[in-house]
2 protein chains.
Amino acid sequence: MTIRDVAALAGVSTATISRVVNRSGYVSPKTRSAVEAVIRQHGYTASRSARGLSSGRTGLIAVTVPRIHPSYFSVIVAGVADALYEHDMRIVLCPTLHEHDREVSLLARLVHGTTDGGVLILPEESPSELRDLMTHGFSFVVIDPRTRIDARVPTVSAANAAGATQAMEHLLALGHRRIAAITGPSALMANKERTRGYNAALAAAGLTPDPELTFESEFDVQGGAIAASALFDLAERPTAIFAFNDQLAIGAMRVALARNLRVPEDLSIVGFDDTSESELLRPALTSVRQPLAEMGRMGVSLLMRLVENRRLEAVHIELATELVIRGSTGPPGPR
Amino acid sequence: MTIRDVAALAGVSTATISRVVNRSGYVSPKTRSAVEAVIRQHGYTASRSARGLSSGRTGLIAVTVPRIHPSYFSVIVAGVADALYEHDMRIVLCPTLHEHDREVSLLARLVHGTTDGGVLILPEESPSELRDLMTHGFSFVVIDPRTRIDARVPTVSAANAAGATQAMEHLLALGHRRIAAITGPSALMANKERTRGYNAALAAAGLTPDPELTFESEFDVQGGAIAASALFDLAERPTAIFAFNDQLAIGAMRVALARNLRVPEDLSIVGFDDTSESELLRPALTSVRQPLAEMGRMGVSLLMRLVENRRLEAVHIELATELVIRGSTGPPGPR
DNA sequence: GGCCGCTCTGAAAACGGTAACAGCTGCTTT
DNA sequence: AAAGCAGCTGTTACCGTTTTCAGAGCGGCC
């Protein structure tokens with residue numbers, strides 16, 4: 001079933017079919033309904049390849065993501081997919097496995113004639129590579145940028161600094177004064193922001209950050225465990241730990257329980273992300289929720305404007321986080 | 001950068017460029033390297049749209065999946081994506097949100113001119129709709145079929161019956177005799193198979209299944225909780241529960257702990273899927289691992305043969321499961 | 001009555017590749 | 001010596017759309 005077949009059956013030209021299908025230009029109501037009848041009856045759908053070749057728009061959006069599986073990413077992708085579906089666009093999914101080369105070569109190929117734009121989630125590209133991409137005329141947005149990038153690239157992220165401050169204010173209000181931070185890799189902008197929020201909250205409470213209490217490690221359970229062990233070995237133990245993601249918090253909680261520290265009586269723990277794991281833990285984890293699906297949706301909404309209007313004033317959106325209080329935090333014990 | 005630009009720069013015809021890029025036909029080494037130099041230098045990539053239009057192959061594979069987020073699906077998708085990447089194909093991701101109409105209309109549009117084939121994960125289509133799809137010449141494989149479908153459609157699933165038997169043999173070997181089953185929706189083929197494995201294991205141990213001990217519910221935490229409550233209210237409580245997925249097991253464990261039943265001393269629990277949650281629970285959950293990523297990979301491997309050879313003898317693949325024993329199972333208490 | 005503008009429609013030229021076909025060279029075979 | 005064939009390359013038709021352009025019909029206005 002090609003457009004020509006439909007045209008022949010309806011007794012009109014292919015141009016008219018195209019106009020009917022795309023709701024563009026003038027078509028008399030009579031012709032329109034006749035064509036629509038033929039289309040319905042024979043189940044015609046336009047070939048995306050042909051359309052892409054002819055009009056330059058493929059209806060496909062590339063989505064790069066380090067990995068699909070960690071729920072952090074899959075929830076964002078779900079939000080992106082949802083929003084794109086509403087625009088009748090499809091998503092070309094590209095897991096990069098954190099490999100810079102893979103991502104670059106993928107994008108290079110997608111830019112040209114495959115997709116109309118891209119949503120880059122935590123991309124590996126350097127700021128200059130992203131700038132090149134932009135000057136080549138590729139429309140894209142970045143969700144959760146790894147580093148500070150060209151101001152003209154639209155970005156969407158969570159309010160990381162504010163979220164960290166929320167977590168800290170909760171702990172401070174409970175009476176904690178020695179609050180440790182287990183940060184993820186400091187190269188990530190999100191972590192820099194969270195650190196900023198951590199320090200800001202301490203300062204606001206009139207406390208000076210103790211460098212001993214900040215520990216950087218990999219963003220995984222293992223990293224959390226290592227950091228927690230080190231913190232517990234300090235002469236003066238912290239009474240609370242703010243972990244920069246839930247994985248780290250899980251690791252910390254494991255070590256705490258292994259050392260017979262009761263949570264939250266002896267140690268309060270706050271995570272970040274509020275992944276589904278956090279309410280599974282016992283005690284359930286207090287965590288800063290990022291609006292991940294929303295971030296995906298918002299990215300698409302920016303991208304659509306970019307794709308349609310061609311170019312758009314710089315936009316950097318930060319979506320508010322929310323502190324979800326569960327059983328892992330409480331007032332510090334009497335010591 | 002079009003193929004014509006490259007041809008002009010290299011001083012050859014477009015046909016030669018095409019041959020170099022696709023490694024087809026004869027090209028002298030000298031010409032080849034000259035062309036490759038131009039391509040590298042100017043960063044040419046063929047337009048997928050044009051290629052798709054001309055050759056009929058787009059290098060895109062549609063992947064339908066009910067939802068992205070539950071890790072059950074995202075792990076399968078990750079396996080699919082990984083395998084497709086190796087074939088230099090991209091994945092067009094279509095979350096159907098369990099909506100039959102959405103899935104049907106998506107596929108209808110993808111079949112024609114957009115993708116070369118499809119991987120359908122737990123599809124909503126009826127067997128007859130799938131048959132139609134096949135007779136229309138669309139190449140696809142089904143992963144984890146919902147029901148028994150046309151024997152000519154290649155399918156990949158886990159060895160559900162055998163997996164259930166593994167779980168049961170473990171419980172039986174520990175000495176359990178009253179073993180309840182919390183099944184998911186019995187419409188799903190996977191659940192029928194697991195029920196078959198459950199009954200087979202009981203029979204092999206010389207026990208007759210007690211209908212009181214089988215409880216069907218929705219595949220979620222809530223469903224597990226409801227089922228477990230009912231089971232605990234029986235005159236003679238089961239000493240072990242085999243839940244047909246981990247969500248159900250989590251629900252059951254919650255209710256057990258709420259009723260002050262100790263796991264595993266008073267009650268053993270086995271799950272199915274071995275999702276990442278299972279080792280987070282306290283006690284950690286004994287569960288039947290499905291090789292999800294492998295299933296995705298295997299699906300692609302079948303599909304590739306289908307796409308290349310056109311048509312393929314019926315293949316139904318069952319991948320072996322593995323029982324992962326953790327802390328939630330132990331010998332029954334003395335009562 | 002001539003002109004304008006609006007509505008509607010069709011012819012035809014792209015869009016960027018692929019692949020069938022033909023043509024050329026130089027070597028091997030008969 | 002003619003024929004055949006492998007290796008290499010170019011010409012060109014075609015894939016299924018969109019879009020530009022031109023033209024036809026028609027009512028309203030000066």
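In the text below, chain A, chain B and the rest are named by the order of the sequence lines, each starting its count at 1.
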(request) Check each residue of residues 2-12 of chain B for a non-hydrogen atom within less than 4.0 Å of any atom in DNA chain C, then write out the ones that pass by number, or none. (result) B/Thr2, B/Ile3, B/Arg4
Only pairs under 3.5 Å count here: list side-chain donor-acceptor contacts from residues 141-151 of chain B, not counting sequence neighbours, and write none if there are none.
| from | atom 1 | to | atom 2 | distance (Å) |
| --- | --- | --- | --- | --- |
| B/Asp144 | OD2 | B/Tyr72 | OH | 2.6 |
| B/Arg146 | NE | B/Pro123 | O | 3.0 |
| B/Arg146 | NH2 | B/Leu122 | O | 3.4 |
| B/Arg146 | NH2 | B/Glu124 | OE2 | 3.1 |
| B/Asp150 | OD1 | B/Arg152 | N | 2.8 |
| B/Asp150 | OD1 | B/Arg152 | NE | 3.0 |
| B/Asp150 | OD2 | B/Arg131 | NE | 3.4 |
| B/Asp150 | OD2 | B/Arg152 | NH2 | 2.8 |

(message) Please check if the number of heavy atoms outside B/His100 that lie under 6.0 Å from its NE2 is greater than 12.
(response) yes
(message) So if I take residues 21-28 of chain B and measure heavy-atom distances to DNA chain D, which residues fall below 4.0 Å?
(response) B/Tyr26, B/Val27, B/Ser28
(request) Please name the pair of heavy atoms, one in A/Pro95 and one in A/Leu106, separated by the smallest distance, quoted to 0.1 Å. (result) O-CD1, 4.4 Å
(request) Could you give me the CA-CA distance, side-chain angles and deciding distance for B/Tyr85 and B/Ile91, then say whether side chain to side chain contact (heavy atoms under 4.5 Å, CB included) is met? (result) CA-CA 8 Å; B/Tyr85 183 82; B/Ile91 181 179; over 6 Å; no
(request) Specify the closest pair of heavy atoms between A/Ile317 and A/Val315, including all atoms of both residues, with the distance to one decimal. (result) CG1-CG1, 3.6 Å
(request) Could you list by number each residue of residues 32-57 of chain B showing a heavy-atom separation from DNA chain D of less than 4.0 Å, or answer none if no residue does? (result) B/Leu53, B/Ser54
For nucleotides 25-27 of chain C, give me every protein contact, N/O to N/O, under 3.5 Å, one pair per line with atom names.
none

(request) Give the rounded distance in Å between these two atoms: CZ of A/Arg19 and P of C/dT9. (result) 8 Å
(request) For B/Phe138 and B/Gly117, work out which heavy atoms get closest and say how close. (result) CZ-C, 3.5 Å
(message) Closer than 3.5 angstrom, by distance alone: can the side chain of A/Thr115 be matched with the main-chain N or O of A/Leu110 as a donor-acceptor pair?
(response) yes
(message) To check you understand the geometry: which heavy-atom pair defines the closest contact between B/Glu129 and B/Val104, and what is its length?
(response) OE2-CG2, 3.7 Å
(message) Apply side chain to side chain contact (heavy atoms under 4.5 Å, CB included) to residues A/Leu120 and A/Leu130 and explain how you reach the verdict.
(response) CA-CA 10 Å; A/Leu120 278 47; A/Leu130 290 175; 3.7 Å; yes
List, one per line, each side-chain donor-acceptor pair under 3.5 Å for residues 75-84 of chain B, sequence neighbours excluded.
| from | atom 1 | to | atom 2 | distance (Å) |
| --- | --- | --- | --- | --- |
| B/Asp82 | OD2 | B/Arg297 | NH2 | 2.7 |

(request) Keeping to residues at least two apart or across chains, list the side-chain hydrogen bond (donor to acceptor under 3.5 Å, both in side chains) pairs with something in residues 29-49 of chain B. (result) B/Ser28-B/Thr31
(request) Name all pairs fulfilling the salt bridge (charged side-chain N to carboxylate O under 4.0 Å, His left out) condition that reach into residues 97-111 of chain B, sequence neighbours left out, sorted by first residue then second. (result) A/Asp88-B/Arg109, B/Glu99-B/Arg102
(request) Kindly state each residue pair satisfying side-chain hydrogen bond (donor to acceptor under 3.5 Å, both in side chains) with at least one member in residues 50-68 of chain B, sequence neighbours excluded. (result) B/Asn22-B/Arg51, B/Thr58-B/Asp116
(request) Tell me, with the steps shown, if B/Leu9 and B/Met1 meet side chain to side chain contact (heavy atoms under 4.5 Å, CB included). (result) CA-CA 11 Å; B/Leu9 284 165; B/Met1 254 289 150; 3.7 Å; yes
(request) Measure across B/Pro154 and B/Leu302 and return the closest heavy-atom pair with its distance rounded to 0.1 Å. (result) CB-CD1, 4.1 Å
(request) Would you kindly compare B/Thr16 and A/Ile17 by the position of their nearest DNA chain D nucleotide and give the one closer to the 5′ end? (result) B/Thr16
(message) Minimum heavy-atom separation for B/Met89 and B/Leu60, please, with both atom names.
(response) CE-N, 4.2 Å
(message) Below 4.0 Å from chain B heavy atoms, what is the first contacting nucleotide of DNA chain D and what is the last?
(response) D/dG7 to D/dT17
(message) Taking side-chain contact (heavy atoms from CB on, under 4.5 Å) as the definition, give me every residue that meets it alongside A/Ala34, ordered by chain and number, with sequence neighbours left out.
(response) none
(request) Describe, as an angle rounded to 10 degrees, how the axis at the first end of the helix from C/dG1-D/dC30 to C/dT30-D/dA1 is tilted relative to the axis at the last end, five pairs per end. (result) 50°
